[in-house]
Each structure stands twice: as C-alpha cells, then as structure tokens.
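Structure, as structure tokens:
First the proteins, then the strands, lettered A, B, ... as listed; each starts at 1. Keep in mind the model is a prediction, meaning the values are calculated, not measured.
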Amino acid sequence: MRWSRYPIQTVKETPAEAEVISHKLMLRAGLIRRLAAGIYTWTPFGLRSLRKVEQIIREEMDRAGALEVLMPAVQPAELWQESGRWEQYGPELLRLKDRHQRDFVIGPTHEEVITDLARRELKSYRQLPVNFYQIQVKFRDEIRPRFGVMRGREFIMKDAYSFHASPECLQQGYDIMREAYVRMFTRMGLEFRPVKADTGSIGGTASEEFQVLADSGEDAIAVSDGPDNYAANLELAPALPPTQSRPAPSIALKKVATPNRKTIQEVSEYLKVPAQQTLKILLVQGTETRVVALALRGDHELNLIKAQKLPGIAQPITLATAEQISEATGCESGYLGPVGLTCPLYADHAALALADFVCGANEIDHHLTGVNWGRDVAEPTPADLRNVVDGDPSPGGAGHLRVRRGIEVGHIFQLGCKYSEAMQASVLDDSGKPVTMFMGCYGIGVTRIVAAAIEQNHDAAGIIWPRALAPFTVVVVPLNAGKSAAVRDQAEKLYQALEATGIEVLLDDRDARPGVKFADAELLGIPHRVVISERGLDAGTIEYRHRAAETNENWPLDEALPRLQSLLNQSEKTSS
RNA sequence: CGGGAUGUAGCUCAGCCUGGUAGAGCACUACGUUCGGGACGUAGGAGUCGGAGGUUCAAAUCCUCUCAUCCCGACCA
C-alpha cells in the first residue's frame, strides 16, 4: 500500500476523550474513529490488525476441529423468552421492535440461537461432539462504555458453542478449546494467563478466563509467584485460613469514645492501633433473617462473590439499608461490632484469628478495645469472605499470591445443560433414549485484543506491534524523493520486490519531511523500517531499523531484500 | 442510576467571572523558501459558540429546560 493513498491522518495531540494508552494511540495513529459512545469505525490500517487477530483465531479454531457459522445479529425475542433471559438480562440487552411491533434484540451473545440450531439439526449422539463458532458483531448496551474498543458497546467477538452427549466428552472438548486458546494468544505475542473464574450470569460449572496482563486492565487477578502456576480471578481466589492458632486474650474488654471516627482508617489512627488489629462488620440482606453480619479484619475487603454463596444470604447480595442497620443494631454503620449482635454472624478466617482486637461498640461514637472471640462474643461461623491480598499463600500450594491487573480477552465455560434443558435440545443415545446435550461455550473479545496488544506493546513514540498483529510488516521510507530520482526509483523497486514476495509492505511515498515520516512510522508501529536516502545511496546502502531497536543498521543496497526475507522467516518461527 | 465536569473551526483549547465586531495553535488550500527527527513565510478557506426558551437595546457570556460527551461510583463479563 502507498501511504499517499491513505487519507486518514495521524494526530500529534491526544484526543481529550481518551484515557488509557491504547485508546490514545489508536486514535492518534488513525486506527479507529468514534461514531458514538462505545461505537467505533475501523479505518483501513486498524482493520488490517483486526483481521490479523481474526485470522489467527480462525486458523486455530479450524485446527481444533470447530466449524465456522454466521448467526444473525438481530434475534427474535421468543428465543430469549424461552431461555428466560428476556427477563433476566436487563437494560444491557438492546431491544427493538420491527414494523409489525414484534420484539427483537441485537445479540449480546448467541447461546439461544445456537441452541435453537442444535436442537433442529442434531438428532443423534453420532453427530456429537460438535463445536460451532462464529466471528461476529455483538451489542451490549453497557452503562459505561470506556477505554475505546476495550469496553465498547458494539464489538466483535468470536463465540463458540460445543455440544456433547456426556460430561466426560464436554470436558474433553473444553480441554481442546483451552489448548487452542493458549496457541492463539501465544501466536499473537501476548503475555497472558489462563485464570480460574466465576461463571457469572452465563451460568455453568468450570470456567477459565484468559487475561492479558496490563496495569490498565479492569480485572484484578491473583497470580502465584511459585512453581504451582496458580492463577485465579480475584473474585474466586480462596484466602487460606492462617496456620497459627489464635493467641490467648491478654487484655480486658473496654469501651472507648471515638467521636465521629467511622472508618477503619480514622479509628486506627485515633486509637493508634494498626488496621490489622481492627475488625469491621458489614450487614447484608438475609433470607431467613432480615440481615446477616459479616466480620472482616479492618484492612481486608469483602468479596461479594464468596459471601453470596453462603447460606442465609440473599441473592444477589445486597448491603443492608440504613434503616435495616438501625433496626438490627440500634446503631449506624461505622460503629458496628460483633458484641451483642443478634443476627447470624459469619467471620472471615483472618478476622477469627484476631485476639485483643478493636471493633465498633454498636453505639454511636464508641468502639471496643481488647475484644476476644469466645470470651466476649460467641464463636461465629468461620468463612472465607475476603479478597486475597499480595503475599497471601497460594492455594496452589507453592508460592505466594500477587494481585495483578488483567484484560479479559477470552472466557471458556462448561455450561452443562442450562440452555439445552431450557430449550429442549436433546439427541437420541445408543439405546434410542433422548439425552439432553451438554454444552460448552468459548468466547474471545476480538476487538479488545487489538487494544490489549497495544497496552502491552508501546513506548513514548507509539505502538510496537507484535509481528503477528502488525497492519504492515515493513515500511519503506524514501527521504526527499521529490529531489532525487535515484531515491524514488530504489524505493519503488524495493517496494515492488517486497510486494512480489508477498510481504506486507507500506511505501511512505508522501511528500513529507523526514521527521514527519519517522514519527508516523513509529506511531503506527510497523515492525521493520527501511530508509532510503540520497546519502545512503551515495554510499551504496540503505538503513534498516526494527521498531523495538535503539539503533540503525546500514545494509548494502542489493542485500536489502534477501536480508529482510531471512529476517522475516526467522521471526515467523519465533513468532516475535 | 447517584456524584462531578465539559460542550466555541476537523483536532487541542482560550474567550464566559465583569454582556458590546468570535479567537489561537495544529490540520486544510495556494505560492515561495526549506528538506535525516512532527520546518518557515505570505495569502486563504473553514464556526447555527450542542439545542430550545427566557432576560436585555444587545447573549458564546446571565437564567431555565433539554440533549450529548467525559470522569468517579454502583452495574456487567
């Protein structure tokens, strides 16, 4: 491609709307343009990278034996009513009516459509297992789209659905997909981790997310630094109970005035006690009782997902209202404590390991010090209630956890029979009896991957594409071609020779100053750059530089093509 | 949905407080000079000041409503 034929401009100034680096660079390099909140146009350069991602996914899905389909973006409401998600999904589901006032949705996902296809087409266990996938546009009307294509409302997703006659077969299919995902993300040159995950609203049993490690990621994940390779979403990572037993009480219970000190931080500063020696109580709505109390060490955070799974707690988990708190304790949040509480009480393992701790007195402007389980309060029910923190022992058994940020680019689930049961998708087994099919579902955020790759690969000058995702492999930059016919001719010659060998090459034939061309080439992040100048040609050389390199190399002019070719062959093998 | 902020040229923003001829830089067009790290000069094109209503002799500026966008939170995967 000739740069002079590409009409989208790069920009020096960072657009005000962009916050994260990938969004800034994608706008500045002209890869995307915003049309509405969370809705973007992909320009020719950006689309090339997007297609690279899609192609890798397609190749690995095909290799894993999946069959590509293309389902409609617009789906009839009936299917969603049948699965129950018409009611469940909420305002994130974009609903619309056709001219006959019939209800439709713009698909945020395709479980219903694929299950409908499966129940019509699949009649016998002999047709199983089968895995259908598509690469297609989805729409989720996010409350708050942000970070460009990282959390857009309209986005491209690869979604796959597998059908099996038994749970064992589902497990096998799941394992095959897991391997395929590892291959894909490795080929894309991403630093990623498969992590254990919650199944969320999609439902099902086993589930793993593929997280690209990046500080700007929206997910917190707990990764072991030890040889056990443990990694889980923070929501799910268990906090192991402390190994040492609780110290014996050593001081007396005492009520102290803590006027206007409500937060753990305020109380611990005021009483000069470390936050680790304090205890906090959170009240949530219950099923058997109005409220249920949860006790945590002062410096720990409540994990909603874990708490929600405890008996007696309302789903979805909801914090008690100010009225409920007052009714249950006669007090207000900020001064709650376990002493004298009448509602059911769960205590986190770490909270239970405390002795002589500080907590609220259930009386406004007062706290208790020297509180001890067993002595001052009945022993509560122990539970894992908190988010793990840096340094916690790894549940994998070897090493310690580090909390890191990740961008979720893939998520695989063993759905089981949730949809196949609701929509009566069954096949006949070898004895002629109908069996409900077991399903797996496997998603990849295609558009998001482009942003994730940039988050992980950039510098002050711009994008540094992993080779497999670069919109072009080589950029040829003639300097002052307007003045020098030799420069023009040699650049043209090299460009055509590269094209002829199938290398994706961009010729910067714009009538621009050298500084502009260098800056744009770096912003756009093309891995290999060849500069052709009068100065170099006089010496019989061209100049080569890798985007990630610090210095230039001078190559003899006639070696440019063969050396580039061997370089690219090499990097193809190492995928870098 | 709660809290905060912003809408002025394609982009980044000034002007608003204290009402009185709509501005700058980048980008764009033409010409000239320049040409290895985002050049310079001259000339030029480009704006219903988000929209509606109100106050006023006069509104980008003050008031009311509305729409949109961004940030924080809750929400979602």
Side-chain angles (χ1 to χ4, degrees), chain A residues 7-20 23-24 27-30 33-39 85 88-94 108-109 111 138-148 150-153 155 157 159 195 197-204 207-211 217-221 233 235-236 304-305 316-319 406-413 441-445 448 460-462 477-484 487 508 510-524 529 531-538 542-543 545 552 554:
Chain A
I8 315 284
Q9 238 143 9
T10 59
V11 289
K12 269 181 275 190
E13 280 156 316
T14 305
E17 71 197 67
E19 204 191 346
V20 296
H23 190 195
K24 288 178 184 168
L27 288 170
R28 285 190 50 208
R33 291 292 184 238
R34 195 184 73 99
L35 181 64
I39 301 180
R85 292 207 292 186
Q88 270 172 30
Y89 221 93
E92 201 177 294
L93 180 62
L94 183 64
T109 176
E111 280 84 6
K138 307 267 191 250
F139 194 96
R140 294 184 188 170
D141 200 354
E142 297 276 351
I143 293 174
R144 199 174 149 206
R146 57 180 144 176
F147 304 152
M150 200 110 93
R151 179 167 290 270
R153 292 194 292 173
F155 57 98
M157 186 167 169
D159 50 325
V195 308
D198 188 64
T199 50
S201 67
I202 296 196
S207 161
E208 284 168 285
E209 293 167 349
F210 287 76
Q211 294 275 358
E218 291 187 271
D219 287 6
I221 54 179
N233 195 298
E235 299 174 337
L236 207 73
L304 293 170
I305 304 282
I317 188 165
T318 315
L319 286 173
I407 300 165
E408 181 187 344
V409 293
H411 201 159
I412 57 178
F413 298 81
C441 119
Y442 319 91
I444 292 184
R448 181 182 278 186
V477 184
L479 299 187
N480 298 318
K483 257 197 175 162
S484 164
V487 167
D508 191 351
R510 296 175 299 175
D511 178 22
R513 296 168 64 86
V516 173
K517 293 188 174 187
F518 292 145
D520 276 351
E522 281 156 15
L523 177 60
L524 195 58
R529 183 182 82 188
V531 174
I532 297 177
S533 67
E534 205 159 20
R535 200 170 76 188
L537 291 183
D538 286 346
I542 58 94
E543 178 186 295
R545 181 158 170 176
N552 303 325
N554 288 310

Remember a base hit wins even if backbone is also touched, and classify [X] as base, sugar-phosphate or nothing at under 4.0 Å, heavy atoms.
X	result
A/Thr14	sugar-phosphate
A/Arg510	nothing
A/Arg28	base
A/Glu408	base
A/Glu543	base

Side-chain donor/acceptor of [X] to base of [N], under 3.5 Å:
X	N	result
A/Arg151	B/C76	yes
A/Arg545	B/G36	no
A/Glu522	B/G37	yes
A/Asp520	B/G38	yes

Watson-Crick or G-U counterpart of [N], or none if no pair lies under 3.5 Å:
N	result
B/G73	B/C1
B/G41	B/C31
B/G36	none
B/U64	B/A52
B/C16	none
B/C26	B/G10

Pick the P atom in B/U61 and in B/G51, then give their distance to the nearest Å.
10 Å
Any side-chain N or O of A/Arg513 below 4.0 angstrom from OP1/OP2 of B/A39?
yes
Indicate the atoms forming the closest heavy-atom contact of A/Asp141 with A/Arg153, along with that distance.
OD1-NH1, 2.9 Å
Rounded to whole Å, how long is the line connecting atom CD1 of A/Ile143 with atom C1' of B/G3?
15 Å
Distance, rounded to the nearest Å, where A/Phe147 contributes CZ and B/C76 contributes P
18 Å
Does one side chain, of A/Glu209 or A/Asn233, offer a donor that lies under 3.5 Å from an acceptor on the other?
yes
Would the number of heavy atoms belonging to other residues, nucleotides or ligands and lying under 6.0 Å from CG of A/Asp511 be above 12?
no
Counting side-chain heavy atoms from C-beta on, which of B/G36, B/C70, B/A27 comes nearest to A/Gln9?
B/A27
